[in-house]
There are 2 protein chains.
Amino acid sequence: MKLRADAQRNLDRLLEAAGECFAEQGADASIDEIARRAGVGHGTVFRRFATKEALLAAILAGHMLELANDAEASYAEPDAGEAFNRFVRRVADAYARNRALVDAMKRCEATPEVDALVDAVERLLHRAQEAGAVRRDVTAEDVLALIPTASSYPDIVLDGLRPPR
Amino acid sequence: MKLRADAQRNLDRLLEAAGECFAEQGADASIDEIARRAGVGHGTVFRRFATKEALLAAILAGHMLELANDAEASYAEPDAGEAFNRFVRRVADAYARNRALVDAMKRCEATPEVDALVDAVERLLHRAQEAGAVRRDVTAEDVLALIPTASSYPDIVLDGLRPPR
DNA sequence: CGCTAAGCGGACTGACCCGTCCGCTTAGAA
DNA sequence: TTCTAAGCGGACGGGTCAGTCCGCTTAGCG
């Protein structure tokens with residue numbers, strides 16, 4: 001069903017504000033602040049999203065899809081190891097700017113978007129492992145779990161991910 | 001000043017309960033639950049510790065001292081690299097069992113106990129770097145910051161900490 | 001333009017939680 | 001055994017936050 005024009009405007013601003021607040025403060029950002037920043041009453045938030053959890057999930061789904069697309073794009077790079085490393089650095093950058101992503105990684109709920117991301121990472125990872133660029137005893141989930149650390153220590157994490165000498 | 005016998009008993013149980021709660025739930029554990037588990041009213045908690053922060057600090061100080069002693073003890077091992085690696089694994093184990101420690105690492109307040117720990121790690125680290133067992137571009141603070149990750153991925157972190165090939 | 005349902009937002013509820021306070025209890029010295 | 005100060009704990013205040021509800025507003029159809 002189509003929203004009334006003013007409602008759609010509010011929804012857009014709400015999503016934008018939620019994205020910012022969650023990025024800055026993580027999953028603990030309060031609905032009140034999100035509503036304030038969007039310029040609406042917080043009752044309005046709950047008409048669009050039944051719970052705070054639902055709002056957060058919507059924001060995260062968007063980010064996950066974006067990252068999955070990044071992974072797909074990285075696959076174009078012919079050098080398997082280079083493609084993998086570059087992807088890890090890119091995602092790590094995204095995490096450094098977005099606390100909500102770090103929080104999301106911890107809960108690790110199995111949404112379709114997360115599955116898509118895991119699948120994409122799996123392909124990148126598998127190819128890099130076949131090429132001997134990445135150790136074989138890690139999974140795509142492991143790689144994603146290491147991303148927050150990689151946002152502070154990319155070189156250490158990437159070195160650690162290479163096959164042991 | 002010496003406490004009355006019953007007060008001392010309550011204090012002991014309080015510290016034990018606080019240690020458990022913070023370990024399980026991190027710094028967000030509530031005073032109410034700690035008091036409940038200790039079998040005292042929560043008013044009693046505040047007579048011993050002015051704020052929740054003070055109670056947490058007391059618990060953390062104990063852990064920090066323990067870890068600093070661990071570091072000192074590891075120094076006895078003659079192989080510099082081995083000593084360093086073993087210490088990292090040990091601390092990582094402690095972190096895996098104690099969410100409060102992870103939370104403590106993030107705030108990274110400069111208490112005397114933390115300083116002692118950092119100093120001890122610095123000596124271990126420096127010796128390992130001199131021996132060529134650990135890369136030179138990391139500090140003791142970096143090592144401590146990597147501990148939470150090492151509690152899930154010890155091999156990857158330790159490999160990443162070795163000098164680049 | 002008039003009307004109506006969609007939309008709005010702020011007051012309200014209830015659940016926590018930190019920290020204070022005070023009347024009751026009791027350890028333990030005399 | 002008596003007495004008193006140390007100790008206790010629960011009621012209370014003040015604050016935050018998620019989620020509900022309802023009377024007012026307004027978009028936009030006919």
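Here is the naming used below: chain letters follow the sequence lines, and residue numbers restart at 1 for every chain. Only this structure's heavy atoms are used, side chains among them; waters, hydrogens and symmetry mates stay out.
Put simply, the side chain of A/V114 reaches to within 4.5 Å of the side chain of A/T111, judged on heavy atoms.
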Please tabulate, for the side chains in residues 7-14 of chain B, all donor-acceptor contacts under 3.5 angstrom to protein atoms that are two or more places apart in sequence or on a different chain.
residue: B/Q8; atom: NE2; partner: B/D12; partner atom: OD1; Å: 3.0

Please table the atom pairs, donor to acceptor, closer than 3.5 Å between any side-chain atom in residues 54-63 of chain A and protein atoms at least two apart or in another chain.
residue: A/H63; atom: NE2; partner: A/N98; partner atom: ND2; Å: 3.2

Donor-acceptor pairs under 3.5 Å, side chain of residues 78-86 of chain A to any protein atom, not counting sequence neighbours: which ones?
residue: A/D79; atom: OD1; partner: A/G81; partner atom: N; Å: 2.9
residue: A/D79; atom: OD1; partner: A/E82; partner atom: N; Å: 3.0
residue: A/R86; atom: NH2; partner: A/E77; partner atom: OE1; Å: 2.4

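In this structure, B/H42 places its NE2 atom 15 Å from P of C/dC22, rounding to the nearest Å. The distance between atom CG of A/D32 and atom P of D/dT16, rounded to the nearest whole Å, is 10 Å. To the nearest angstrom, P of C/dT20 lies 15 Å from NZ of B/K52. The nearest whole Å value for the distance from the CD1 atom in B/I34 to the P atom in C/dC17 is 11 Å. When the P atom of D/dC17 is taken as reference, atom CD of A/E53 falls 16 Å away, rounded to whole Å. Distance CD1 (B/I31) to C1' (C/dT20): 14 Å, rounded to an integer number of Å.
Shown for residues 54-62 of chain B: no residue has heavy atoms falling under 4.0 angstrom of DNA chain C. Within residues 16-28 of chain A, no residue approaches DNA chain D, by heavy-atom distance under 4.0 Å.
Geometrically, A/R99 does not engage A/F22 in a cation-pi contact, judged by NZ or CZ lying under 6.0 Å from the ring centre and within 45° of the ring axis.
Between A/E72 and A/R123 a salt bridge is recorded (basic side-chain N to carboxylate O distance below 4.0 Å). Salt bridge status for B/D32 with B/R37: absent, with no side-chain N to carboxylate O gap under 4.0 Å.
Between its opening and closing five pairs, the helix from C/dC1-D/dG30 to C/dA30-D/dT1 changes axis direction by 0°, a value rounded to 10 degrees.
Heavy-atom nearest nucleotides on DNA chain D were determined for A/A50 and for A/R36, and the one closer to the 5' end corresponds to A/R36.
Results of the side-chain contact (heavy atoms from CB on, under 4.5 Å) test with A/V134 over A/Q129, A/R127, A/H126 single out A/Q129 as the only residue that passes.
Contacts of B/E122 classified as side-chain hydrogen bond (donor to acceptor under 3.5 Å, both in side chains), with partners at least two apart in sequence or in another chain: none.
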Using the 3.5 Å cut-off, write out each protein N or O paired with an N or O of nucleotides 5-8 of chain C and the distance between them.
residue: C/dA6; atom: N3; partner: A/R4; partner atom: NH1; Å: 2.8
residue: C/dC8; atom: OP1; partner: A/N10; partner atom: ND2; Å: 2.4
residue: C/dC8; atom: OP2; partner: A/R47; partner atom: NH1; Å: 3.2
residue: C/dC8; atom: OP2; partner: A/R48; partner atom: NH2; Å: 3.4

What pairs of nitrogen or oxygen atoms, one from the protein and one from nucleotides 13-15 of chain D, lie under 3.5 Å apart?
none

N/O-N/O pairs, protein side and nucleotides 1-4 of chain C side, under 3.5 Å:
none

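Legend: salt bridge (Lys or Arg N to Asp or Glu O under 4.0 Å) pairs involving residues 132-141 of chain A, not counting sequence neighbours, sorted by first then second residue: A/E130-A/R136, A/R135-A/D137, A/R135-B/D159. Each salt bridge (Lys or Arg N to Asp or Glu O under 4.0 Å) pair with one or both residues in residues 40-59 of chain B, not counting sequence neighbours, appears once here: B/E53-B/R107.
Closest to the side chain of B/T51, out of D/dA18, C/dG19, C/dC18, is C/dG19.
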